[in-house]
Amino acid sequence: MPIKVHDQMLRSTVVLETRDPGRIAMYVCGPTVYNLIHIGNARTFLWFDFIRRYFLYRGWQVTYVMNYTDVDDRIIERAGVEGVPADAVTSKYSKAFEDDMAALGVNPADIICRATDHVEDMVEAIDGLVERGSAYESDGDVFFSIESFDAYGKLSGRTLEDMRAGERIEPQAGKRHPLDFALWKSAKEGEPSWPSPWGPGRPGWHIECSVMSTKYLGMGFDIHGGASDLTFPHHENEIAQAEALAGAGPFVRFWMHAGLVQMESQKMSKSLGNVVLVRDVVARYPGEVARYWALAGSYRTQLTFSDGVLDDSAQAYDRWSTFLAAARHALGGDMPATPAATRPADAEPPEGPGGEYVQRFTDTLDDDFNSSGAFAVVHDLVREANRCVEGAQRGPGEDRNLLIAFTETFLELTSVMGFRFDAATGSDELTARLIDYLLELREGARRNKEFAAADGIRDRLESFGVSIEDTPVGPRWRLGTPPAAA
RNA sequence: GGCGGCGUGGCCGAGUGGUUCAGGCAGGGGCCUGCAAAGCCCCGCACAGCGGUUCGAUUCCGCUCGCCGCCUCCA
């Protein structure tokens, strides 16, 4: 079954036919590195990280490019506020972005490109646009003439008249059409600047993505992603620039946009100030919980963030980590490792007890990444696997074989979704030995029916965040969040 | 004003023209347990409202109401 994606340009879900068979070239608009990112931003990056993982799982070769916007009015503003040079701001927040992404288990793009490393390319592109009559200079600024590009508005589905009707700001002086946008901005005193045929200045925001995406992926690359608030004007402008310069389209084959995160019926945004930082979330929950929250619903719809939603996700995720701890306890040395499986569409159908789940998993995700369905598959798998735990812990037999197979499938599917359990269970060696020793003492007490003492040990360990579960073959424990930690 | 999206059981959140069913969280009952915990089993006659198409609509069409996004920097 082929993979289908919802293409914003067509406004429908269509079979993903790539420029080169078996290869996917994707570009996602990255952060403007002028402050800390919030979970609304993170949702987008978590999603494209997952999409890339899924493509790889399905046997595609993926080239994933992401930009960092490191020249921008807000960066200049921020540098003024912090009293440091602009590049100090951008290096600080680039690093912060990477740290936050790592905390969420988001892998870096294959190619990360910075606007400031590509100014010459942009100047060349702008020059080309001026030459072709798509752009014009005005007092040191260069603007793109939207009237010169017939298809302007095709992505966002609006006409020039529509857009004029909703004008809310005074047209900037020097523009021929109010919606013409800046390709090059002349520098004021003290601002970062680069030389150009129109004098010292800096590139406008939109041009970097057109130039860098086509530089690394070529015209007509497969997927361009970003959040839905970039549809207009940013992506519309990217199309205009790239296709005007190339003299032909398409710039991009498929446009994918992630829905925005809402805060109490209003979108979360830096300019509104109603943000929840990734940093604050990962201080309170494992990164996997945020990943679960972001990925459990469709990427296209709005997602509301409120107090409590992460608690729900934490409970749901806990079901998985609890299962895995139980499997590890029951299987001991037979515990499977995470398989590095790929499941190309043309491969043999998956076999074994977990095969049915693998099939359901790919079936649902092939349909525009229906992750909710994929989560349901994993939950169903966990339920069936849990039924085998009790039998498996008694020793070899049917239940044990099934549990091994189901656990392996579980690790396969959850790793495609970007969850890592191996590291998350961690406690250091000494802690583990101390806990084991305390449990030995407790077992002795239990054997002597000294339940008050046994329960005392359990209660104390619980208060440290160590949860104890007794099983017919001895207690198992795992580290969690201490109750009422905050 | 223009363009677009959404409204599913206490909450989150998929999906479909027709009595097998999403899934999770929360809640109730049971099994297991020394007690727990975890797990397993069972339990909710949900699809904003009003019309229409149809043998049959939560699913298609229209209207109404409500919510949200974009049109300005924004993931």
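Naming convention: chains lettered A, B, ... in sequence-line order (proteins, then strands); numbering from 1 in each chain. Excluded from the calculations below are hydrogen atoms, water molecules and symmetry mates; all remaining heavy atoms, backbone and side chain alike, are included.
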Find out whether Asp110(A) and Val65(A) are in side-chain contact, i.e. whether some heavy atom of one side chain is under 4.5 Å from a heavy atom of the other.
no
Taking side chain as C-beta onward, heavy atoms only, is Val278(A) less than 4.5 Å from Val281(A)?
no
Under 4.0 Å, counting only non-hydrogen atoms across every strand here, what does [X] touch: a base, just sugar-phosphate, or nothing?
{"X": "Gly40(A)", "answer": "base"}
{"X": "Glu469(A)", "answer": "base"}
{"X": "Ser371(A)", "answer": "nothing"}
{"X": "Ala316(A)", "answer": "sugar-phosphate"}

Starting from [atom2] on [N], measure out to [atom1] on [X] and report it in whole angstrom.
{"X": "Phe305(A)", "N": "A75(B)", "atom1": "CZ", "atom2": "C1'", "value": "16 Å"}
{"X": "Arg158(A)", "N": "G1(B)", "atom1": "CZ", "atom2": "C1'", "value": "13 Å"}
{"X": "Trp320(A)", "N": "G24(B)", "atom1": "CH2", "atom2": "C1'", "value": "10 Å"}
{"X": "Leu230(A)", "N": "C70(B)", "atom1": "CG", "atom2": "P", "value": "11 Å"}
{"X": "Arg476(A)", "N": "A36(B)", "atom1": "CZ", "atom2": "C1'", "value": "13 Å"}
{"X": "Arg394(A)", "N": "G39(B)", "atom1": "CZ", "atom2": "C1'", "value": "13 Å"}
{"X": "Asn41(A)", "N": "C73(B)", "atom1": "CG", "atom2": "C1'", "value": "13 Å"}
{"X": "Gln315(A)", "N": "G24(B)", "atom1": "CD", "atom2": "C1'", "value": "11 Å"}

Checking [X] now: which residues fulfil salt bridge (Lys or Arg N to Asp or Glu O under 4.0 Å) with it, not counting sequence neighbours?
{"X": "Asp368(A)", "answer": "Arg300(A)"}
{"X": "Asp150(A)", "answer": "none"}
{"X": "Asp70(A)", "answer": "none"}
{"X": "Arg279(A)", "answer": "Asp100(A)"}

Can you build the contact string for nucleotides 7-16 of chain B? Use B for base contact, S for sugar-phosphate-only contact, and - for no protein heavy atom under 4.0 Å.
------SSS-
If you check every side-chain atom of Arg74(A), which of G24(B), C70(B), C73(B) has the closest atom?
C73(B)
Output the single nucleotide from A75(B), C68(B), C40(B) whose closest atom is nearest the side chain of Met268(A).
A75(B)
Are the aromatic rings of [X] and [Y] close, with centres under 6.0 Å apart?
{"X": "His257(A)", "Y": "His235(A)", "answer": "yes"}
{"X": "Phe323(A)", "Y": "Phe406(A)", "answer": "no"}
{"X": "Phe50(A)", "Y": "Phe45(A)", "answer": "no"}
{"X": "Tyr216(A)", "Y": "Tyr27(A)", "answer": "no"}
{"X": "His379(A)", "Y": "Trp320(A)", "answer": "yes"}
{"X": "Tyr93(A)", "Y": "Tyr68(A)", "answer": "no"}

Does any pair with a residue in residues 309-327 of chain A pass salt bridge (Lys or Arg N to Asp or Glu O under 4.0 Å), and if so which ones, sequence neighbours excluded?
Asp318(A)-Arg478(A)
[atom1] atom, [N] versus [M]: distance in rounded Å?
{"N": "C21(B)", "M": "C6(B)", "atom1": "P", "result": "25 Å"}
{"N": "U58(B)", "M": "U19(B)", "atom1": "C1'", "result": "15 Å"}
{"N": "C41(B)", "M": "G56(B)", "atom1": "C1'", "result": "34 Å"}
{"N": "G5(B)", "M": "G23(B)", "atom1": "P", "result": "29 Å"}
{"N": "A14(B)", "M": "C31(B)", "atom1": "C1'", "result": "31 Å"}
{"N": "C73(B)", "M": "G66(B)", "atom1": "C1'", "result": "30 Å"}
{"N": "G13(B)", "M": "A26(B)", "atom1": "C1'", "result": "14 Å"}
{"N": "C47(B)", "M": "A22(B)", "atom1": "C1'", "result": "14 Å"}

Mind jotting down which residue pairs meet the ring-ring contact (aromatic ring centres under 6.0 Å, His included) criterion with at least one end in residues 294-313 of chain A? Sequence neighbours excluded, please.
Trp47(A)-Tyr299(A), Trp293(A)-Phe305(A)
Phosphate oxygens OP1/OP2 of C40(B): is one of them under 4.0 Å from a side-chain N or O of Arg319(A)?
yes
Just to verify, what does Phe143(A) make a ring-ring contact (aromatic ring centres under 6.0 Å, His included) with, not counting sequence neighbours?
Tyr136(A)
Residue-level proximity of residues 377-385 of chain A to RNA chain B when a heavy atom falls under 4.0 Å:
His379(A), Asp380(A), Arg383(A)
Check nucleotides 27-35 of chain B against the protein and report each pair of N or O atoms closer than 3.5 Å, with its distance, or say if there are none.
from: G34(B); atom 1: N7; to: Arg446(A); atom 2: NH2; distance (Å): 3.3
from: G34(B); atom 1: O6; to: Arg446(A); atom 2: NE; distance (Å): 3.1
from: G34(B); atom 1: N1; to: Asp455(A); atom 2: OD1; distance (Å): 3.0
from: G34(B); atom 1: N2; to: Asp455(A); atom 2: OD2; distance (Å): 2.7
from: C35(B); atom 1: O2; to: Arg458(A); atom 2: NH2; distance (Å): 2.7
from: C35(B); atom 1: N3; to: Arg458(A); atom 2: NH1; distance (Å): 2.9
from: C35(B); atom 1: N3; to: Arg458(A); atom 2: NH2; distance (Å): 3.3
from: C35(B); atom 1: N4; to: Asp470(A); atom 2: OD2; distance (Å): 3.1

Sequence neighbours left out, what passes side-chain hydrogen bond (donor to acceptor under 3.5 Å, both in side chains) with Asp334(A)? Give chain and number order.
Arg400(A)
Dot-bracket pairing map - RNA chain B, Watson-Crick plus G-U, both contacts under 3.5 Å, | cross-strand
(((((((..(((.....[....))).(((((.......)))))....(((((..]....))))))))))))....
